[in-house]
2 protein chains.
Amino acid sequence: MNMVISVKISTKGRYALRLMVDLAQRKPGENVALKEVAARQEISLKYLEQIITVLTKAGYVLSTRGSNGGYRLAHSPEYYTVGMILRLTEGSLAPVACLEGEENTCDRREQCATLFVWEKLQKAIDDVVDNITLADIIANSADNYVI
Amino acid sequence: MNMVISVKISTKGRYALRLMVDLAQRKPGENVALKEVAARQEISLKYLEQIITVLTKAGYVLSTRGSNGGYRLAHSPEYYTVGMILRLTEGSLAPVACLEGEENTCDRREQCATLFVWEKLQKAIDDVVDNITLADIIANSADNYVI
DNA sequence: TGTTTTCCTACAAGTTAAATAGGTTATTGT
DNA sequence: ACAATAACCTATTTAACTTGTAGGAAAACA
């Protein structure tokens with residue numbers, strides 16, 4: 001049967017991660033036109049533009065306009081965790097709203113028997129995404145290229 | 001701004017869990033009218049009816065019609081894991097579609113550098129939800145009742 | 001000046017979440 | 001018998017969100 005819990009990562013987050021990995025695989029400081037990334041990753045250019053806007057505004061990538069322009073990472077691949085990228089593009093990674101912030105704590109919090117389940121879940125999720133960097137992803141994918 | 005939660009458990013799954021915990025806190029074999037659960041948990045009765053239908057059809061709860069009727073657990077609280085309940089009510093979606101089953105493996109699978117991230121995430125989530133039972137939840141919430 | 005590329009804003013089809021609504025059938029107490 | 005109760009069944013709704021498309025403006029370079 002092999003059923004799975006519905007923990008959906010949207011295309012926005014997934015594409016953002018693939019985009020960042022793509023940039024990380026280039027020479028440091030080299031400008032990469034989004035058009036190229038779109039072609040390589042088979043993602044719509046216009047959609048990628050929207051996604052990278054967020055990454056640019058957060059200072060994760062640097063941009064250069066005009067011909068020979070493009071994007072490049074602001075830091076080395078070791079710097080970026082999956083969590084940083086997903087939180088930025090997906091929003092909070094909390095499994096339930098009441099874990100998201102002070103403003104979302106519900107009235108039932110004290111009586112809520114299930115709260116500790118969500119807390120455990122959140123810790124497990126954070127533990128994964130905060131301990132994988134772009135460098136890890138690249139290293140791992142390199143292992144898969146069997147000659 | 002109210003940004004979207006990406007790794008999110010829907011109300012359906014959350015309510016199902018609260019419903020099951022509520023039933024588990026009753027005397028074994030005692031019929032509990034859904035109306036009571038709805039009042040206690042402050043959830044719409046009509047919405048709960050839809051949710052418990054799934055649990056009933058799966059054989060997780062037993063139902064009795066008519067006055068003095070209601071619902072009761074088919075097994076003891078130790079039997080039910082959070083994973084069982086969430087998978088049933090949330091559906092069978094993986095963090096990403098390509099992990100869902102044979103039929104969804106995408107063309108890019110071999111080149112997909114990010115796949116192992118989603119695999120790790122899935123394992124971490126499964127590890128949490130498959131190792132907490134209704135009995136654990138009840139035991140834990142009992143600890144919180146400070147006199 | 002023309003080309004390239006980032007940047008900005010709007011819109012839209014499709015899907016899903018989260019209920020609401022209104023009834024039917026079975027069982028039990030009176 | 002009959003009213004009350006509670007499960008059961010099916011349809012509809014509303015709003016939000018996803019997943020893009022679309023069209024152009026501004027900047028840089030050759």
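For clarity, every value in this text was computed on a predicted model and none was experimentally measured. Keep in mind that the numbers below use all heavy atoms, side chains included, and drop hydrogens, waters and symmetry copies. Every chain is numbered from 1, with letters handed out A, B, ... down the list of sequences.
For the pair A:Lys12 and B:Gly66, nearest-nucleotide mapping onto DNA chain D gives the more 5' position to B:Gly66. Nucleotides of DNA chain C nearest to A:Thr56 and B:Tyr47 differ in position, and the one nearer the 5' end is that of A:Thr56.
Closest to the side chain of A:Ser67, from the set D:dC29, C:dA18, D:dT21, is D:dC29.
When rounded to the nearest whole Å, the span between CZ of A:Arg72 and P of C:dT6 equals 12 Å. Between the NZ atom of A:Lys35 and the C1' atom of C:dC7 there is a distance of 17 Å, rounded to whole Å. Atom P of nucleotide D:dC8 and atom NZ of B:Lys57 are separated by 9 Å, given to the nearest angstrom. We find that CD1 of A:Ile51 is positioned 16 Å from P of C:dC8, with the value rounded to whole Å. When the C1' atom of C:dC8 is taken as reference, atom CG of A:Leu48 falls 16 Å away, rounded to whole Å. Spacing between atom CG of B:Leu45 and atom P of D:dC9 amounts to 15 Å, rounded to whole angstrom units. Atom OH of B:Tyr15 and atom P of C:dT20 are 9 Å apart (whole Å). Protein atom CD1 of B:Ile9 is 17 Å distant from nucleotide atom P of C:dT16, rounded to whole Å.
For B:Thr11 and C:dA18, the shortest distance from a side-chain N or O to OP1 or OP2 is below 4.0 Å. For D:dA6, neither phosphate oxygen OP1 nor OP2 lies less than 4.0 angstrom from any side-chain nitrogen or oxygen of B:Tyr71. Contact annotation: B:Ser63 does not reach the phosphate of D:dA6 (side-chain N/O to OP1 or OP2, under 4.0 Å). A sub-4.0 Å separation between OP1 or OP2 of C:dA17 and a side-chain N or O of A:Lys8 is present. Proximity of B:Asn68 to the phosphate of C:dG29: a side-chain N or O atom is located under 4.0 Å from OP1 or OP2.
B:Asp130 pairs by the side-chain hydrogen bond (donor to acceptor under 3.5 Å, both in side chains) definition with B:Arg87, not counting sequence neighbours.
Residues B:Leu45 and B:Met20 share a single hydrophobic cluster, defined by chaining ILVMFWY side chains whose heavy atoms lie under 4.5 Å apart. A continuous path of ILVMFWY side-chain contacts below 4.5 Å connects A:Val117 to B:Tyr79, so both sit in one hydrophobic cluster.
Contact detail for B:Leu121 and A:Ile9: the closest heavy-atom pair is CD2-CD1, 4.3 Å.
Within 4.0 Å of B:Ile52, counting heavy atoms only, lies no atom of the nucleic acid at all. In this structure, B:Val61 reaches neither bases nor backbone, as no heavy-atom distance under 4.0 Å exists between it and the strands shown. Nucleic acid contact class of A:Thr53 (heavy atoms, under 4.0 Å, all strands): none.
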Please test B:Ile137 against B:Val82 for side-chain contact (heavy atoms from CB on, under 4.5 Å), starting from the C-alpha separation and ending with a verdict.
CA-CA 9 Å; B:Ile137 295 176; B:Val82 172; 3.9 Å; yes
Verdict with supporting geometry, A:Leu134 and A:Leu73, side-chain contact (heavy atoms from CB on, under 4.5 Å)
CA-CA 11 Å; A:Leu134 292 186; A:Leu73 293 189; 4.3 Å; yes
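For the pair B:Asp126 (side chain) and B:Lys123 (backbone), a donor-acceptor distance under 3.5 Å is absent.
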N/O contacts under 3.5 Å, protein versus nucleotides 23-26 of chain D?
from   : atom 1 : to      : atom 2 : distance (Å)
D:dG23 : N7     : A:Lys46 : NZ     : 3.4
D:dG23 : O6     : A:Lys46 : NZ     : 2.5
D:dG24 : O6     : A:Lys46 : NZ     : 3.0

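Note that CZ of B:Arg72 is 4.0 Å distant from OG1 of B:Thr64, once rounded to the nearest 0.5 Å.
The base of D:dT21 sits with one of its N or O atoms less than 3.5 Å from a complementary donor or acceptor on the side chain of A:Gln50.
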